[in-house]
Amino acid sequence: MTSASTKRAFMMKVSGLTKHYGETRAVDGISFTVPNASVFTILGPNGAGKTTTLEMLEGIREPDSGEIEVFGERLKRVTRPVKQRMGVLLQDGGFEPYLKVREILTLFASFFEKALSVNDILETVALTEKSKALVRTLSGGQRQRLAIGAALINDPDLIFLDEPTTGLDPQARRNIWDIVSGLKARGKTIILTTHYMEEAEILSDEVCIMDYGKIIAQGTPKTLADDLGEETMIEFHGADVPSQALERLQACCKAARSDQMMVTVETEHLTDTMESLFAWSREHDIKFHELTVRQPNLEDVFLTLTGRRLRG
Ligand code: ATP
C-alpha cells in the first residue's frame, strides 16, 4: 500500500455520480465512501446500475456528472494513469483458449512496467498446479480465478470485481470468497458487485444497496439488518396462499408476504405468532415445507425497502 493511501481513511469517495442512457437513469446521483483495506459491496438486482457504476469508477465509461476521489486525486473521470493503478476483473471469455495459464499471466504482466511475479499470483489464486494447463481445460471457477489473477498482476491497492461468482457452483464460489478475504487481509481495498445476498453478507465491511440507479440503503450488513428492528422472520415454502388466507395471516403478525411459493412472516412476538401460524395452517389446510425461523438478512432489507426480492 502506498504511504499516501495509508494516511487517508478512505480509498475512494464518490459524489453525485450520474449516468443516463437516453431516458434510462442507469446511475442517478449516487454518493458513497469506500474505506481503506475493506470490502465494499454494491448489492442490487439485475439492471440496478451496478455495472455502469463500476465502469465509471474503473475509467471505462465517462460519467454525465459527479466527482470521483481516488488515490488522493479528485476527478471528473478516471484517467489512464489512475486506471493503471487499479485492478479490474475482466469478465470470463476474454482469454485465448489455447494459451496456458502461466502464459496468460505472463502476457498480462508484460502490459505493466512493474508487475508481481507470476508464481506469486498463481499461489494467490490457487492455480499453481494448473500453471501448464490450457485455458480451455479449466473449470468455470478456475477460469474466474485466472481472471482475478490477471487483475492482480500490477499489485493494485484497489480492485474491482464485477459479479465475480455469478454462475459458479457453491464450492467455486467459496474459493473466490477465500481469495477476496485474503486480499483484504493483505490491506487491499475491494469494490465488489453482486446480486447474491449471502455473498454480500459474508464478505462485506460495507454494503450499499442499489435499485433503479439509486442507493436505497447503506451500512454494514449487521447495521442494515438491525435497522429492521427487533424482528424475527418465519419462512416456509410450497404453499400457494389464497389472498384471503394471507390477509388473515397478516392480521396476526407484523407483516406477511407470499411470493413465488414462499411465505415470509415478520414478527416481534415469536411465540404468539407461531401459535397463530399453526392455527392458521389448520384452518386453511396449508402445509409447511422447510419451515425456518431466522434473524433478518439483507434480502429482508431489500424486500422491506422495495417490496421485491433481490433475485426474481
Ligand atoms: P446486471 O446485474 O444485470 O449486470 P446492473 O445492476 O449491473 O445489472 P447495469 O448493467 O448498470 O445494471 O444497467 C443499468 C440500466 O442501464 C439497465 O436498465 C440497463 O438496461 C441500462 N443500460 C446498461 N448499459 C446500457 C447501454 N450501453 N445502453 C443503454 N442502456 C444501458
Side-chain angles (χ1 to χ4, degrees), residues 12 14-32 34 39-68 70 75-78 83 86-94 140-141 143-144 147-148 151 158-170 172-173 176-177 180 190-204 206-219 221 224 259-260 297-312:
M12 185 173 245
V14 171
S15 327
L17 199 66
T18 301
K19 182 78 191 177
H20 295 179
Y21 300 111
E23 293 294 299
T24 309
R25 294 168 170 236
V27 177
D28 200 6
I30 61 170
S31 304
F32 55 81
V34 180
V39 178
F40 183 90
T41 301
I42 304 175
L43 176 72
N46 292 133
K50 306 180 299 293
T51 298
T52 305
T53 301
L54 240 60
E55 286 177 349
M56 289 190 281
L57 304 183
E58 294 163 352
I60 294 170
R61 214 171 267 286
E62 190 166 356
D64 290 342
S65 57
E67 197 176 75
I68 299 165
V70 62
L75 307 160
K76 288 285 172 208
R77 64 163 301 172
V78 172
K83 236 175 4 183
M86 298 172 168
V88 175
L89 172 69
L90 296 170
Q91 290 304 317
D92 182 45
R143 269 178 213 223
Q144 193 64 329
I148 294 174
L158 177 58
I159 301 152
F160 293 96
L161 302 177
D162 192 4
E163 301 197 359
T165 66
T166 296
L168 299 185
D169 64 52
R173 185 169 294 158
I176 304 268
W177 293 352
V180 173
I190 295 113
I191 302 184
L192 176 89
T193 69
T194 185
H195 53 256
Y196 295 121
M197 173 276 296
E198 190 193 8
E199 180 162 297
E201 252 165 12
I202 288 174
L203 290 179
S204 319
E206 291 266 339
V207 178
C208 73
I209 302 181
M210 230 178 144
D211 195 32
Y212 292 117
K214 289 189 188 297
I215 293 176
I216 56 170
Q218 206 169 334
L224 284 169
D259 185 19
Q260 294 171 14
N297 58 31
L298 291 176
E299 180 87 47
D300 301 313
V301 175
F302 188 80
L303 194 58
T304 304
L305 291 172
T306 66
R308 288 175 284 122
R309 289 189 188 280
L310 262 171
R311 275 182 288 166

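Remember, it's 1-based here, ligands and their atoms both numbered in the order they're listed.
Of all the atoms in ligand 1, the ones that sit under 4.0 Å from a non-hydrogen atom of Pro45 are 6 (O). Near Ala48, the atoms of ligand 1 lying under 4.0 angstrom from a non-hydrogen atom of the residue are 5 (P), 6 (O), 12 (O). For ligand 1 and Thr24, the ligand atoms under 4.0 Å from any heavy atom of the residue are 16 (O), 18 (O).
Close N/O approach between Thr52 and ligand 1 is found [any backbone or side-chain N/O within under 3.5 Å]. Not a single N or O atom of His195, backbone or side chain, sits closer than 3.5 Å to an N or O atom of ligand 1.
When atom types are taken as modelled, the side chain of Glu201 and the backbone of Leu298 share a donor-acceptor pair closer than 3.5 angstrom. For the pair Lys50 (side chain) and Gly44 (backbone), a donor-acceptor distance under 3.5 Å is present.
From the protein, the heavy atom lying nearest to atom 8 (O) of ligand 1 is Gly47 N, 2.7 Å. Remark: minimum distance from atom 3 (O) of ligand 1 to any protein heavy atom is reached at Asn46 ND2, 3.1 Å. In terms of protein heavy-atom proximity, atom 12 (O) of ligand 1 is nearest to Gly49 N, 3.1 Å. Remark: minimum distance from atom 31 (C) of ligand 1 to any protein heavy atom is reached at Tyr21 CD1, 3.1 Å. Remark: minimum distance from atom 16 (O) of ligand 1 to any protein heavy atom is reached at Ala26 CB, 3.4 Å.
The side-chain hydrogen bond (donor to acceptor under 3.5 Å, both in side chains) with Glu62 is formed by just one residue from the set Lys19, Lys76, Arg77; it is Arg77. The side-chain hydrogen bond (donor to acceptor under 3.5 Å, both in side chains) test with Thr51 singles out one residue from Thr193, Asn46, Asp162, and that residue is Asp162.
Taking a distance limit of 4.0 Å, we find that atom 29 (C) of ligand 1 is approached by some protein heavy atom. Shown here, atom 20 (O) of ligand 1 is out of close reach of the protein: none of its heavy atoms lies under 4.0 Å off.
Nearest to atom 4 (O) of ligand 1 by heavy-atom distance, out of Thr51, Val27, Thr166, is Thr51.
Met210 does not count as a contact of ligand 1, since none of its heavy atoms falls under 4.0 Å from the ligand. Within the structure, ligand 1 lacks Gly44 among the residues with a heavy atom less than 4.0 angstrom away. Not a single heavy atom of Gly22 lies less than 4.0 angstrom from ligand 1.
Rounded to the nearest 0.5 angstrom, Thr165 OG1 and Trp177 CH2 are separated by 7.0 Å. Note that NE2 of His20 and OG1 of Thr52 are 11.0 Å apart. Values are rounded to the nearest 0.5 Å.
Taking the side chain as every heavy atom from C-beta outward, Leu43 and Glu199 never approach each other to under 4.5 Å. Residues Met197 and Val301 have side chains not in contact (no heavy-atom distance under 4.5 Å, counting atoms from C-beta outward).
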Go through Val34 and Glu206 one step at a time and tell me if the side-chain contact (heavy atoms from CB on, under 4.5 Å) criterion holds. CA-CA 8 Å; Val34 180; Glu206 291 266 339; over 6 Å; no
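Of all heavy-atom pairs spanning Tyr196 and Gly167, the tightest one is OH-N, 3.6 Å.
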